[in-house]
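Here is the structure we will look at.
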Number of protein chains: 2
Amino acid sequence: MSQKEDVCQYRLMIARDTLEVIQGKWRLPIIISLTHGNKRFGEIQRDISDISPKMLSQELKALETNKIIIRTLHDSMPVTVEYSLTSLGLTMKKLLDEILDWGVLFRKEILEK
Amino acid sequence: MSQKEDVCQYRLMIARDTLEVIQGKWRLPIIISLTHGNKRFGEIQRDISDISPKMLSQELKALETNKIIIRTLHDSMPVTVEYSLTSLGLTMKKLLDEILDWGVLFRKEILEK
DNA sequence: GTAAGTAGTTACCTTTGGGTGAGTACACTT
DNA sequence: AAGTGTACTCACCCAAAGGTAACTACTTAC
């Protein structure tokens, strides 16, 4: 196999790793919501108005497993839970920016034509 | 609603636009394959060895609809079809690079620990 | 004691995404 | 005339993703 093909194969493998983390309808929205500050369960739900508590709970767990976010329990009077990005989660900032920049471009090129 | 919340809502909307284009198991791999040069149907299939012709055909059509790739028919002796990135497809380069960079980081941080 | 807000869970159902295997249509080779 | 390579398509099936509605458990406010 040529070196060029090797590079392509390597990139395809890496892309699958990233995809495993961000795949699905809700994970990127949840991460984006958390880039705007640490949030409680209900606050994320209000940001993403059409997500059900089931999906939110499920996807938060998956993101926690992948060490993208962290769940903190506050033993205040009404027990509250705070979700925040981990240092690994924060490294997605550039990736998120590119997704948003491209989305703007796509909207300009396609959706508005 | 505060201005900060408006920004968050706007980003969530844009992210959905991008997601619509790249969502699924195969679209990013196909696009990545095409960043390594224009390819024929069979060549993409060889790059992504576990994709079925059905899925490849289906996803190529979706990417063509979104103006990410273009299908060119060559009336050579055995009729061949060449797929290539459009100018819009080429604008995904930075996004793809971030996905790959982050995948490398993720592999280092999680998969290798 | 009733309501409202916290953060979820559970069961059930539908939809979609994707897999499998076979078949098609055309041309070129032998 | 049989086989090979190109680029698919079609029918069928299953599992995963996601939606819906109801319910839980705890606390504070009224």
Side-chain angles (χ1 to χ4, degrees), chain A residues 12-13 15-34 37-66 68-85, chain B residues 5 12 15-34 37-66 68-85:
Chain A
L12 288 169
M13 181 191 70
R16 289 194 185 204
D17 293 343
T18 306
L19 271 176
E20 193 125 331
V21 178
I22 65 171
Q23 194 66 281
K25 188 174 175 180
W26 303 115
R27 295 198 188 164
L28 280 175
I30 290 168
I31 297 168
I32 289 171
S33 169
L34 290 177
N38 301 351
K39 301 241 167 110
R40 305 225 304 267
F41 191 90
E43 290 178 309
I44 303 173
Q45 211 178 351
R46 257 167 266 133
D47 273 356
I48 309 168
S49 58
D50 52 351
I51 195 171
S52 67
K54 171 195 147 184
M55 288 308 295
L56 181 52
S57 171
Q58 177 184 303
E59 298 304 292
L60 283 169
K61 275 176 191 158
L63 289 170
E64 213 190 335
T65 300
N66 282 325
I68 307 297
I69 65 171
I70 192 160
R71 181 184 191 268
T72 314
L73 213 146
H74 294 283
D75 267 352
S76 46
M77 286 326 116
V79 173
T80 59
V81 178
E82 191 183 56
Y83 292 93
S84 50
L85 293 173
Chain B
E5 279 162 343
L12 288 169
R16 290 195 184 202
D17 293 343
T18 306
L19 271 176
E20 194 127 328
V21 177
I22 65 172
Q23 194 67 277
K25 189 174 176 180
W26 302 116
R27 295 198 188 165
L28 280 175
I30 291 169
I31 296 168
I32 289 171
S33 170
L34 290 177
N38 301 352
K39 301 242 167 111
R40 305 224 303 268
F41 190 90
E43 289 178 309
I44 304 174
Q45 212 177 352
R46 256 167 266 133
D47 273 355
I48 310 168
S49 59
D50 52 351
I51 195 171
S52 65
K54 171 194 147 185
M55 287 309 295
L56 181 52
S57 170
Q58 178 183 303
E59 298 304 294
L60 284 169
K61 275 176 192 157
L63 289 170
E64 213 190 333
T65 300
N66 282 326
I68 306 299
I69 65 171
I70 191 159
R71 182 184 190 268
T72 315
L73 214 144
H74 294 284
D75 269 351
S76 45
M77 285 327 118
V79 173
T80 58
V81 179
E82 191 181 56
Y83 293 94
S84 50
L85 294 173

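Every chain is numbered from 1 and lettered A, B, ... according to where its sequence line falls, protein lines coming before strand lines.
As rounded to whole Å, 12 Å separates atom C1' of D:dG18 from atom CG of A:Asp50. Nucleotide D:dG18 holds its P atom 12 Å from the CG atom of A:Leu28, rounded to whole Å. The interatomic distance linking B:Leu19 (CG) with D:dG18 (C1') rounds to 15 Å, in whole Å. For the pair B:Arg16 CZ and D:dG18 P, the interatomic distance rounds to 12 Å; values are reported in whole Å. Distance, B:Met55 CE to D:dC13 P: 19 Å, rounded to whole Å. The separation between A:Leu60 atom CG and D:dG18 atom P is 14 Å, rounded to whole Å.
Of all heavy-atom pairs spanning B:Asn38 and B:Ser84, the tightest one is OD1-CB, 3.1 Å. Scanning all heavy atoms of the two residues, the minimum distance from A:Pro29 to B:Leu12 falls at O-CD2, 3.4 Å. The two residues B:Gln23 and A:Gln23 come nearest to each other via the heavy atoms OE1-OE1, 2.7 Å.
With contacts defined as side-chain heavy-atom distances shorter than 4.5 Å, the pair A:Leu34/A:Lys39 qualifies.
For DNA chain C, no neighbouring residue in residues 20-27 of chain A is found when judged by any heavy atom under 4.0 Å.
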Which donor-acceptor pairs under 3.5 Å do side chains of residues 50-64 of chain B form with protein atoms, sequence neighbours excluded?
| unit_1 | atom_1 | unit_2 | atom_2 | d |
| --- | --- | --- | --- | --- |
| B:Asp50 | OD1 | A:Arg16 | NH2 | 2.9 |
| B:Asp50 | OD2 | A:Arg16 | NH1 | 3.0 |
| B:Ser52 | OG | B:Met55 | N | 3.3 |
| B:Glu59 | OE1 | B:Arg27 | NE | 2.7 |

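For A:Thr65, there are no side chain to side chain contact (heavy atoms under 4.5 Å, CB included) partners at least two apart in sequence or on another chain. Partners of A:Asn66 under the side chain to side chain donor-acceptor pair (under 3.5 Å) rule, at least two apart in sequence or in another chain, do not exist in this structure. Applying the side chain to side chain donor-acceptor pair (under 3.5 Å) test to B:Arg71 and every residue at least two apart in sequence or in another chain returns B:Tyr83. Scanning for side chain to side chain donor-acceptor pair (under 3.5 Å) contacts around B:Glu43 gives an empty result, with sequence neighbours left out. Listed by chain and number, the residues in a side chain to side chain donor-acceptor pair (under 3.5 Å) with B:Arg46 amount to none (sequence neighbours excluded).
Bracketed by its first and final contacts, the part of DNA chain C lying under 4.0 Å from non-hydrogen atoms of chain B reaches from C:dG18 to C:dC28 in 5' to 3' order.
Backbone-only contact: B:Thr80 has heavy atoms under 4.0 Å from sugar-phosphate atoms and none from a base.
Mapping B:Arg46 and A:Ile51 onto DNA chain D by nearest heavy atom places B:Arg46 at the nucleotide closer to the 5' end. Along DNA chain D, the nucleotide nearest A:Ser52 and the nucleotide nearest B:Gln45 are compared for position; the residue whose nucleotide lies closer to the 5' end is B:Gln45.
Between B:Leu85 atom CG and B:Ile30 atom CD1 the span is 11.0 Å, to the nearest 0.5 Å.
Of all nucleotides listed (D:dT6, D:dG19, D:dC8), D:dC8 comes nearest to the side chain of B:Tyr83.
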Under 4.0 Å protein heavy-atom contacts per nucleotide of nucleotides 21-30 of chain D, with B for base, S for backbone only and - for none:
------SS--
